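Please read the structure below before turning to the comments.
Just so it is clear, the values below take in all heavy atoms, side chains as well, and ignore hydrogens, waters and symmetry mates. This one's a predicted model, so the numbers in the text were calculated from it and none came from an experiment. Labels below follow one simple rule: chain letters A, B, ... track the order of the sequence lines, proteins then strands, and each chain is numbered from 1.
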Amino acid sequence: MNFASPAFFVFLPVVLLAYHRLTARDHKYRFLLVASWLLYASWNPWFLWVILFTTAVDHAAGMLIESASTPTRRRAWLVVSLVSNLSFLACFKYTNFAFDNSMALARWLGWGTPDWTLEKIVLPLGISFHTFQGISYTLDVYRGRIRAVRGFVDFAVFVAFFPQLVAGPIVRAMDFLPQMATPPRVSVEQVVEGLHWFLIGLFKKVFIADRLAQFVDPVFAHPELYDAVTLRWGVLAYAAQIYCDFSGYSDLAIGCAKWFGFELPINFNFPYVAGSISDFWRRWHISLSSWLRDYLYIPLGGSRRSAVRTYFNLIVTMTLCGLWHGASWNYVLWGFYNGLLLSFHRIGDRALVGKAWAIRIRSAAAYRVLATATTLLFVFSGFILVRTENWAGCWGMQCALFGGGSEGDAHRVPAQVPLLVALVMLGHLFSGLRPVRCGILALPPLARSGAYVAAVLLLVVFAPGTAKSFIYFQF
Amino acid sequence: MEARPSPPQNDTFVPVRLTRYRVLACFLVGLLALDGVVRLNARLWDDHDPNEYAERLARCRGRAWDLVVLGGSPVAEGVDPAILRGLNWRGQIIRRVYNLGLSGGTASEFWHALEHGVTVRPKLLVYGITASDLNDNRNETHGPSELMELGDLARWLAERPDSRAWLLRQYGRACLERCWGLYEYRNGIRLWAAHRVDEICPGLFPQVAAEVHANVDHSETLARGHGYAPQASFQEMRYSRTKASGGKVAPFPFLEGFRLGHHLACVHRIRAWADRHKVDLVLVDMPMSADLEARHASVFLRYRRLLRDLQVEHGFRVLHGDREAVGLDDDHFADLAHLNQWGADRFGHWLRTALSYAAVEK
């Protein structure tokens with residue numbers, strides 16, 4: 001069930017009404033859990049066992065870690081949880097990748113390869129997200145940051161809470177579980193803010209991302225057919241599409257959660273106004289970036305050891321981040337590329353620390369504009385790596401992005417493409433340059449409700465006929 | 001003097017609480033106001049996105065037509081009322097002819113259209129029938145949403161258990177759409193906006209602008225005329241040329257899984273309606289291309305046998321407008337099932353002559 005599909009617009013009000021009609025804490029959470037599992041099963045009921053199994057293992061591991069008498073036992077139960085989560089992720093997500101590459105390697109080495117092929121393994125919905133939530137929970141219990149949850153239903157709601165189950169944000173147990181102590185009462189402010197985020201999310205997804213997809217898909221499918229100008233528009237449109245698609249889903253999740261009385265962490269903070277690559281990663285998919293920082297980069301040593309080790313840690317973390325996004329060399333390369341960019345940025349940053357002239361230049365508005373433009377150029381170059389379908393197409397688009405030509409024919413870029421890209425830019429300038437979560441929230445009530453009515457109007461009238469699936473569902 | 005009671009300390013409490021609802025209240029009021037504006041301009045949106053079934057029914061309803069021609073897209077594209085005007089039917093001159101051709105419809109839709117759209121008794125009712133009208137393997141979504149009333153819904157639910165879920169879904173969706181004007185008229189508003197933008201900045205959205213112009217013309221023709229508003233592309237197209245050039249021929253899936261049943265029952269209902277209102281009914285077997293008949297030879301065999309049965313056993317008056325009788329070949333078809341302007345012209349004159357003979361035979 002897609003969040004932008006009509007079925008969800010029946011499911012959500014029914015669940016909300018029933019949830020708020022129930023008064024007892026246990027009843028509320030049991031109902032929420034069943035609803036979340038139902039939503040999961042609506043995609044493919046046969047995979048329900050995956051989330052049930054990992055939830056049961058993590059719940060048990062959490063309690064056993066807490067009650068273990070020796071550090072060895074605590075570590076053993078932690079390993080059980082990690083192995084359980086990671087092996088599920090590996091089996092479903094990386095088996096095809098590993099098999100294909102080992103076959104290719106065997107052929108290259110001249111070894112015999114079997115004459116059968118491995119069927120494409122279907123990825124269970126949201127597995128990358130709920131396994132990371134499970135890992136963070138057991139690690140936090142192991143580190144003594146949180147107490148293990150006694151009730152299975154409470155823990156299962158934390159893992160399967162349907163607004164964020166499919167594509168995040170990746171919620172930490174220490175942020176979510178305290179909210180569950182007593183069923184949160186929904187305030188008027190939460191209802192209004194929920195409406196805000198829900199509408200904004202839907203607008204980004206349906207009005208912007210799905211419309212841009214109509215231009216982006218053919219351009220990236222056959223970049224050789226298009227001239228350099230169209231290819232550049234294709235890259236810009238894809239950057240706007242992927243941002244609106246993913247941040248739109250996060251906004252929808254945040255809005256829905258508010259209607260149940262829960263607060264989810266912000267996942268995007270206007271990444272296209274970032275002044276550097278590290279700033280970009282502080283603004284893009286924040287819940288994943290911070291998860292990787294806390295549970296991978298810092299345990300690897302972070303920046304506490306030598307400079308070389310820090311760069312190594314950065315590159316390893318980002319390469320694994322790429323692999324998390326998708327089981328293909330494109331994603332691995334994209335992660336590695338981002339690790340390199342972060343390392344180079346860190347080297348430059350360190351070299352300029354304390355230099356008066358550098359501080360003067362950096363405080364100039366022109367420098368900030370240039371820094372943002374350069375950051376975006378490299379970020380978009382990375383997007384091309386993961387979006388193009390072959391290396392020739394990737395090279396052609398990279399050449400076009402960095403000012404080269406293309407042998408393809410000149411095409412008329414549909415008027416809606418520059419308009420929608422400009423809308424995304426305006427949104428960033430309107431809200432991203434101010435210390436607010438969203439500029440619309442700071443408007444007077446009348447203007448704010450006017451904006452919501454306008455959003456509804458645009459959504460209903462100008463949404464494409466069919467809703468596309470969210471891009472991040474595939475991760 | 002008696003001491004006055006002091007005012008309550010929390011007198012600001014109520015306004016403060018109310019302000020919390022301001023955004024929500026303004027939003028809801030805004031949505032209602034928007035809905036009102038949309039409904040007030042319903043005609044404008046309809047002009048830009050004509051609802052074919054509703055427009056045709058509205059135009060037919062309440063007017064005194066001498067001859068109403070029922071049928072699907074072969075009728076909508078192939079029967080020109082202007083050619084039939086002046087026909088002498090049993091001593092009465094047919095002056096006002098209406099083409100109630102509903103593209104994609106089945107006999108069930110034509111029955112509902114007749115029941116709700118033909119409110120003044122005509123002198124003659126012609127049903128341009130073809131095999132796909134009777135195929136129970138298909139249902140037309142516009143039927144439940146545009147033509148059916150609660151009574152029709154109840155009857156369908158009782159008689160057709162196999163398509164209950166489909167019907168309820170379609171009918172429910174149509175009812176829900178009507179609850180919210182913005183949603184109901186969304187396409188019309190979109191096309192109207194594109195029209196306005198095209199006036200200000202011509203060429204910005206060329207495809208949408210072309211769609212708008214075609215729709216507005218179509219809407220005007222439907223609203224003014226006698227129901228004959230053939231698609232411009234069909235008018236000029238020749239099936240023979242498409243075949244010769246190896247061009248793509250639009251598929252015709254309406255005969256897949258052909259089976260008879262409830263749609264056929266509606267043909268008998270149309271007959272009963274005609275008998276009840278003392279209106280002469282003529283079934284006209286609409287011409288189809290040779291290729292379509294060859295592709296679905298067994299279906300057409302069964303269909304023709306049925307027509308003969310209706311004629312002989314049930315006393316229907318049937319005119320066989322097959323290709324040989326009318327003198328049609330691939331040059332007169334736009335595609336597998338629809339006549340182009342030359343075909344429609346030839347068929348119209350044949351129909352006029354055939355009806356004149358049928359009137360005399362009576």
Side-chain angles (χ1 to χ4, degrees), chain A residues 5-7 9-10 13 185-200 203 206-207 211 214-215 255 258-259 411-420 422 438 440-466, chain B residues 15-38 41 44-45 48-49 168-170 172-174 176-177 179-198 200-212:
Chain A
S5 69
F9 286 88
V10 177
R185 289 194 62 180
V186 183
S187 64
V188 181
E189 286 74 19
Q190 275 181 312
V191 172
V192 177
E193 280 202 21
L195 177 75
H196 169 89
W197 291 111
F198 194 84
L199 278 178
I200 292 287
F203 186 80
V206 178
F207 186 75
R211 282 209 157 267
Q214 295 170 345
F215 172 69
K258 278 182 188 287
W259 288 335
H411 283 73
R412 184 195 161 96
V413 176
Q416 61 181 353
V417 172
L419 288 174
L420 292 174
C438 178
I440 295 171
L441 285 171
L443 290 174
L446 204 60
R448 205 172 139 190
S449 24
Y452 298 154
V453 173
V456 171
L457 173 71
L458 292 172
L459 271 171
V460 174
V461 174
F462 294 103
T466 49
Chain B
V16 166
R17 278 192 66 117
L18 282 177
T19 56
R20 299 167 71 204
Y21 295 91
R22 264 194 312 196
V23 175
L24 212 54
C26 290
F27 174 63
L28 293 175
V29 169
L31 281 184
L32 285 174
L34 182 65
D35 200 57
V37 171
V38 167
N41 294 287
L44 183 64
W45 322 129
H48 287 78
D49 180 36
L168 285 173
R169 206 167 50 243
Q170 298 302 331
R173 201 172 67 175
L176 280 176
E177 273 196 21
C179 292
W180 193 16
L182 184 63
Y183 192 73
E184 187 181 359
Y185 297 108
R186 63 193 184 281
N187 284 328
I189 299 170
R190 181 176 65 86
L191 293 170
W192 169 83
H195 197 183
R196 293 283 83 82
V197 171
D198 191 60
I200 299 162
C201 313
L204 205 57
F205 300 102
Q207 284 171 332
V208 188
E211 188 188 347
V212 174

Open item on the list: Can you tell me which portion of Ala33(B) sits under 4.5 Å from chain A's heavy atoms? Options are side chain, backbone, both or neither.
Closed with: neither
- [ ] Let me know if Leu199(A) has heavy atoms under 4.5 Å from chain B in its side chain, its backbone, both or neither.
- [x] side chain
Open item on the list: Is there a side-chain contact between Arg448(A) and Val192(A) in this structure, where contact means two heavy atoms from C-beta onward sitting under 4.5 Å apart?
Closed with: yes
Task: Ile200(A) CD1 to Leu441(A) CG distance, which is reported to the nearest 0.5 Å - done: 8.0 Å
Task: Side-chain heavy-atom pair Tyr185(B), Asn41(B) within 4.5 angstrom cut-off - done: no
Task: Between CZ on residue Phe203(A) and OH on residue Tyr452(A), distance to nearest 0.5 Å - done: 13.0 Å
Task: Engaged part of Leu182(B) at the chain A interface, taking heavy atoms whose separation is under 4.5 Å - done: both
Open item on the list: Given heavy-atom pairs under 4.5 angstrom as the criterion, report whether the side chain, backbone, both or neither of Leu458(A) touches chain B.
Closed with: neither
